[in-house]
Structure formats: structure tokens, C-alpha cells
Number of protein chains: 2
Amino acid sequence: MAVLAGFAPADGGGRWEVGGRMAPGTTAKAGKLRQEAVSLATVARETGVSMSTVSRIVNGKSGRASAATVARVAEAIERLGYRPNPVGRALRRRASRVVAMLAPNLDNPAMAAIAVSTEAALRAAGYVMILCDTHDRPELQDDYLQAMRDQFVAGYVMVSAVRSRGLEQALGRGDPVVFVARRNPLGGGAYVGIDNRAAGADAADFMLAQGIDRPAVLMAAQNISSTAERAAGFVERLVARGVPESEIRRASAPGLSHIEIGYAAARILVGAGGWPRGLLCVSDLIAYGAYRLAVESRLEIPRDCRLVGVDGNALNRWIAPWLSSIRIPYESFGGHVLEQLRLLWSGAATAEIHVPHEALP
Amino acid sequence: MAVLAGFAPADGGGRWEVGGRMAPGTTAKAGKLRQEAVSLATVARETGVSMSTVSRIVNGKSGRASAATVARVAEAIERLGYRPNPVGRALRRRASRVVAMLAPNLDNPAMAAIAVSTEAALRAAGYVMILCDTHDRPELQDDYLQAMRDQFVAGYVMVSAVRSRGLEQALGRGDPVVFVARRNPLGGGAYVGIDNRAAGADAADFMLAQGIDRPAVLMAAQNISSTAERAAGFVERLVARGVPESEIRRASAPGLSHIEIGYAAARILVGAGGWPRGLLCVSDLIAYGAYRLAVESRLEIPRDCRLVGVDGNALNRWIAPWLSSIRIPYESFGGHVLEQLRLLWSGAATAEIHVPHEALP
DNA sequence: CTGAAAGCGCTTACAG
DNA sequence: CTGAAAGCGCTTACAG
């Protein structure tokens, strides 16, 4: 009976994921026995009321139908296994229960973790998620934004969005979009992520607590990204605690994947002044890249150089015990994303949500 | 002009991902200036022809419109930035350009890699992919199958599908479904994956070539899964090459994730007879689990025990150089999946596609 | 409390 | 070569 709005999520409207057995209805038209689609019309015919009435009941616009009618309709819905068709509904309402997630490369375990948790949260709330891989390319992002708009999606989840014309338009239009992991490149907007600056500061404290007074840092490319904030927070805290800024060695490298950036940047850093005793890598993947260079250099990690990452990849425990990583609870991001979407849908104001990261041991 | 079928993919029908600038159309109705949706009706009105004609032109049902009309309509489409609405289309055709991928836990890098490559291939062909995380649960799989059917999806990509009632019905109905990585648990059907048995055999040859004449194997749970086939192929080949079957030690363990299975199974194996000199782990994650036990046991890998995995995770090169892994080219799976879908759509017969795995060094 | 009608955006016989 | 009409499945004023 989950079709009835009374039994469905509070935001009204049936749920797409209704259980319901297959409709047993068959027709003998022309002697051929075949499964018949169960539509509102079927239910209406079967109960002798109008489609309007069935629709209202299904959608919980009640107080507007007699108890007797509701019961009759409910029975028929149950018996026929009726489920409201999401496409018909989307067309009419110009709004669907589909949410689009636009993310660059799922290859990154962090992205995958975000996708997983968001998908689960949306699903539990009766939404279905379309996943679009933008490869960090603005045109692709715009193509998808466009295509998703045509699908009447209920909202957009932008993981590490890049600045683009379509994004600008979507925001200008007031479309519900929540940014994850990387802030809105155009400023403002609903956001879910950790406090990157604070995470960087924590890494600084950790280094100093280990007696490493001249740690270095490996950064990704120099955009407004979250990783840049981590590096900034790291440096700021070190400076605040008395480390001369000029003695904080930094390196970054161009490159496609974080892991390659890590390797290349470590090479640059080390080439310029040898291995530091402590090295913050602004993501686990960057740390993996740096690790490889350390192995090639016959370094023993973490004895010779303390590697600190950010992410807390689940694999670390198994194959990268040498890495101290600030854990980001990606598995909880989905819930927060949904929260933000709901605020946007209800027209309420949204604030940035800073999910607390976990402390280093 | 990509909207016109003549310029679109061969399967006719406009593409959803049409570029096209925002429609400049505005209306002065009631003095309010606002963006107007550009529909078929708009184009028809603008050109003075009927919607039928515009529709036919958009869909390349040509030879049925004068060149002059086509030109006029094409111009209007271009000028207004018209894109066929996928929802209206789906409702009418009872078929969409959406393909559903149902997969258990994207946490597994192999699954993520499959999702990435399939998404890219579908996108290039003008489809959009909905990702459904089934967590290996049959009811969830069925819920999704149901929901996706209601969306009029064009097809189903089942990654490591489990046996379920809904799957049975979908196949019975003749829905286009292609199985990836794990064969259809109900038998038959379009499949994309490696030849698991051959991969296992290759691992056996590798071990013997290394002078390891009594290798052991770590398996996942004992279902009809692809990993079981790898283990079987391994054992068969060893036996064929003279290793007494009774001397091939095997272990498996229950558990949620492969990585935990690997750790637990290794513990069982080692507990029962010490470390073997060579150990096939039927997936990289299992190898990671085994590795951890090896580290705890102060073993030096691969010197003391040769670990062989299957997957070829991209991270291995960086942080698991101790692992020899048979690489599965997941990045090419997407293309094959599309191939299979096209066969199914055209009603042609499908055969299993065995993507060649890469040889061990 | 209920129903007839219009319409979301599209396609497709059917008739001309 | 072209158009009027019906209809995919639904919702929502509007009228009663």
C-alpha cells in the first residue's frame, strides 16, 4: 500500500520504489494473453471512479474523498499492483524524483565513496540518482547539466565542480544544486565537505607533536580547490606556531591524477632539498605517489619520513599502514547532501555543512 | 544542428546531449520577461508547419518533407536552440535513452572502473546511465529493476548480479540485459567479462614457472561467482601439470568485503599448515587482506610468499608493488557492454564476450 | 466529495 | 509532402 501518499514520505507524492507484486491483470484481446500495464486509468475503471479521484488519493490530497472511496481505491491499487508511472508524472509536473550527480573521475576512491553514500541516502528518500562523469571538463559538465535539466531532475549534486557557463545559468535560475568536496567555484551555494583549513591545521599540529619542526607539503594544482585550502591551513598553523614561513617547503606538479601529481611533486621537492622528516600530502592519492618515490629512494616510511595524508582511504589499514591519514567520513556525506537538497527544495536558506574530519592518532 | 536525426547516431532519434545555446526566446506576456521553454510546438508555430512535420524532420523520417521545409525547420531549431524533450519522448515511445546499471558496492575499485567505462561508452552513444547500488541484496535488486522498468529504460547492465525473482521476470519478458563480471545466475544471456578459468590457469602456470610447485589458493564464498571459476581453473591446470589435487591447499571465509575475506581466509590457511610459497588470491582485494596477515607475520612479500592477485588495480604499481596481479582491462568493458546492448536492441543473437586479460610478467 | 477536460512534450497511424 | 487527431500516464484547476 506504499503507493498511497499517506504511507509515503512526508513530502507527498507516491514513492517510485513501491514494492507491489506484478499486476496479475491480463487481457484476452484477440485471444492473446498478455500482461497489461496498470495505469491510473485501469484503477479508475476497476473501481468505477474517475482518474482524478484515484490520482488525488494516490497523492494524499485527502480530506477530499470519502472513506469508502479511499478504501475501494486502495484495495484496487493493492490488488492490481499499481505503481504511479514516474515518466508520466515527471512530464506533467515538470519535476521528477531523479537527482543528478556530476562528478569527475570515479576512479578516485573518495569520489566513489561519495557517490555510494549519496546514492544510498537518496534511494532511502525515494529518489534515484543519475551519475554523470564530467572528467573535470567544463563542456562535459555543461552538456550534462543541460541533459539533466531536460530530464526534469529534482536537483544537482556537484562533486568537485568546475566553473562553467551552464553552472552559472543553473545557479542564476535558482536550480537546486549542492556542492560537495569542492566549494562552488562561483561562490556561495549549498556545500557539504570538511573544513579543509582546519584539517590542514591539524596536520601541522600532528607534525609538531611528533617533533617534526620543519615539515613540507605536497599540493595539487593551484586552483581554488579544497586541497589548496588544506595546504594553506597547514602553513598558517605552522607559522602561527613559530615556524618561519620561508622554511616551509612546498611543491606541486601538474598532472592528471593525484597519484601522479604526488610522485612528480615529491620528486621536485626532494630534488630541491632532500627528503623532509615529515610530509603532508593533501590527499591520500598524493601520498601514494610520494610513497613510491620514497620506496625507490630506499627510504623507510614512516621512520625516515612521516607521511600524512587526507582522506582515510579504507585500504590504508590493509596495504598502507605506513600512512597517517586524516579521515574524512565520506559515508556520512550522503545524508548531508540530502539535507541540503531538502532545504533548497523547501526554499529555506542553506549554510555550508562542515562534516567533522577525524583526528589523527 | 545535432538535433536532426540525419546528423545524429545511426539508430535514429535525436540525441539527448545536444549542445545548443540557451533559447533566446522570451515572452512579454503580462509584461513579465521570462525564458520560454522551446518545444516542438514552438518550432512549429515559428515555422508555420505542423508539429507532425517538425517531429518527422527531427527524427529523420525524411524523404517525407520538401527540402525547403526541412531547411526552414532546421533554421528555426538552430535559432531557438530546440532540443527534443526526453521525458515527453519516453512517455510516448515507452522507451528512453536511459540505461540502468545495477551493481553491488562501488567501494570495490573494480566495480567503480566498470561503472566509469560503461558510463563513458553509453554517453558517447547518446545514452545516460542511472547507477543503482544493490549491495548484493536480491530485494534491492528487484526494487531497482522495477523502478527502472517504470522509467522505460533502454536496458539493464547487471554487474555481478544475484539471482532474484525480478531478474527472472525481466529475462522472461525479453528485456535487454547484459551481465558483467559475473555470469547470469540463471544461465544464458549476454555477458562481458574475462575468461576466469583461463585466468586461473595462467596463475597456475606462473606459479610453476617460478618454481613454486605447491601453491595454495584463497577463494571468496562458494557461489557460482566468477572468482570460483578462477580458483577452479587454477586447480585444474595444476592438476593437469602433475600437482596432486590433494596437495593444493584452499581456503575461503565468509565475510562481507573481499578484503576481509582475504585476511580471514589467509589466517585459516596458514593456521592449518603454514605459509605456502605461492598464493593465488582470486581478486586483488583478497590479496590485500592476505598481505596484511603476512605483514603481521613478519613475512617478506614476495620473497617468502609470492602473492598473485586478479584485477590489476591501478594502485598496485604505487603502493602494492609486491603483488603480481593478472590485469583485467575494465576500461574496455564499457565498449563491449554497449556492443551487447546494441545486439539485444536489434534482436540479434548475443554471445558471451570474453575480454582478454593481461599476462603476468 | 467527485468528474470532465485540458495539457505536460512528444510520436504515429491515418487521411488527404 | 503535410496536417489533424489521438494518446503515452499523469495532475490540476474548474465546475458542480
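Sequence lines set the chain letters: A, B, ... in the order given, protein chains first and strands last, and positions in each chain run from 1.
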Hits for salt bridge (Lys or Arg N to Asp or Glu O under 4.0 Å) against A:Asp142, two or more places apart or cross-chain, chain-then-number order -> none
Taking the side chain as everything from C-beta on, heavy atoms only, tell me whether A:Phe179 gets closer than 4.5 Å to A:Val177.
yes
Scan A:Ser39 against the nucleic acid and name what it touches under 4.0 Å (heavy atoms): base, sugar-phosphate only, or nothing.
sugar-phosphate
Counting any heavy atom closer than 4.0 Å, what does B:Val87 reach on the DNA or RNA strands: base, sugar-phosphate only, or nothing?
nothing
Rounding to an integer number of Å, can you tell me how far [X] [atom1] sits from [N] [atom2]?
| X | N | atom1 | atom2 | result |
| --- | --- | --- | --- | --- |
| B:Arg92 | C:dC10 | CZ | C1' | 8 Å |
| A:Met51 | D:dT11 | CE | C1' | 9 Å |
| B:Arg94 | C:dT11 | CZ | C1' | 14 Å |
| A:Arg97 | D:dC10 | CZ | C1' | 15 Å |
| A:Lys61 | C:dG3 | NZ | P | 18 Å |
| A:Gln151 | C:dC8 | CD | P | 19 Å |
| A:Phe152 | D:dC10 | CZ | P | 16 Å |
| A:Asn59 | D:dA13 | CG | C1' | 15 Å |

Could you check B:Thr69 against B:Gly88 and say which one's nearest nucleotide on DNA chain D is further toward the 5' end?
B:Thr69
Distance between P atoms of D:dA13 and D:dG9 (Å, rounded)
23 Å
For [N], does either OP1 or OP2 sit under 4.0 Å from a side-chain N or O belonging to [X]?
| X | N | answer |
| --- | --- | --- |
| A:Arg56 | D:dT11 | no |
| B:Arg93 | C:dT11 | yes |
| A:Ser52 | C:dG3 | no |
| A:Ser50 | C:dA4 | no |
| A:Thr53 | C:dG3 | yes |

Any residue meeting side-chain hydrogen bond (donor to acceptor under 3.5 Å, both in side chains) with [X], in chain and number order, not counting sequence neighbours:
| X | value |
| --- | --- |
| A:Arg137 | A:Glu139 |
| A:Asp175 | A:Arg173 |
| B:Gln340 | none |

Given D:dT11, D:dG3, C:dC1, which nucleotide is nearest the side-chain atoms of A:Ser66?
C:dC1
State which of C:dC10, D:dT11, C:dG9 makes the closest approach to the side chain of B:Leu40.
C:dC10
For DNA chain C, just give me the dot-bracket, please: Watson-Crick or G-U, both distances below 3.5 Å, ( ) intra-strand, [ ] crossing earlier pairs, | paired with another strand, . unpaired.
|||.||||||||.|||
Apply side-chain contact (heavy atoms from CB on, under 4.5 Å) to residues B:Asn59 and B:Arg89 and explain how you reach the verdict.
CA-CA 11 Å; B:Asn59 291 294; B:Arg89 222 176 220 186; 3.0 Å; yes
Which residues pass the ring pair (Phe, Tyr, Trp, His ring centres under 6.0 Å) test with A:Phe333, sequence neighbours left out?
A:Tyr330
Could you check whether A:Arg149 makes a cation-pi contact with A:Tyr144, meaning its NZ or CZ is under 6.0 Å from the centre of the six-membered ring and within 45° of the ring axis?
no
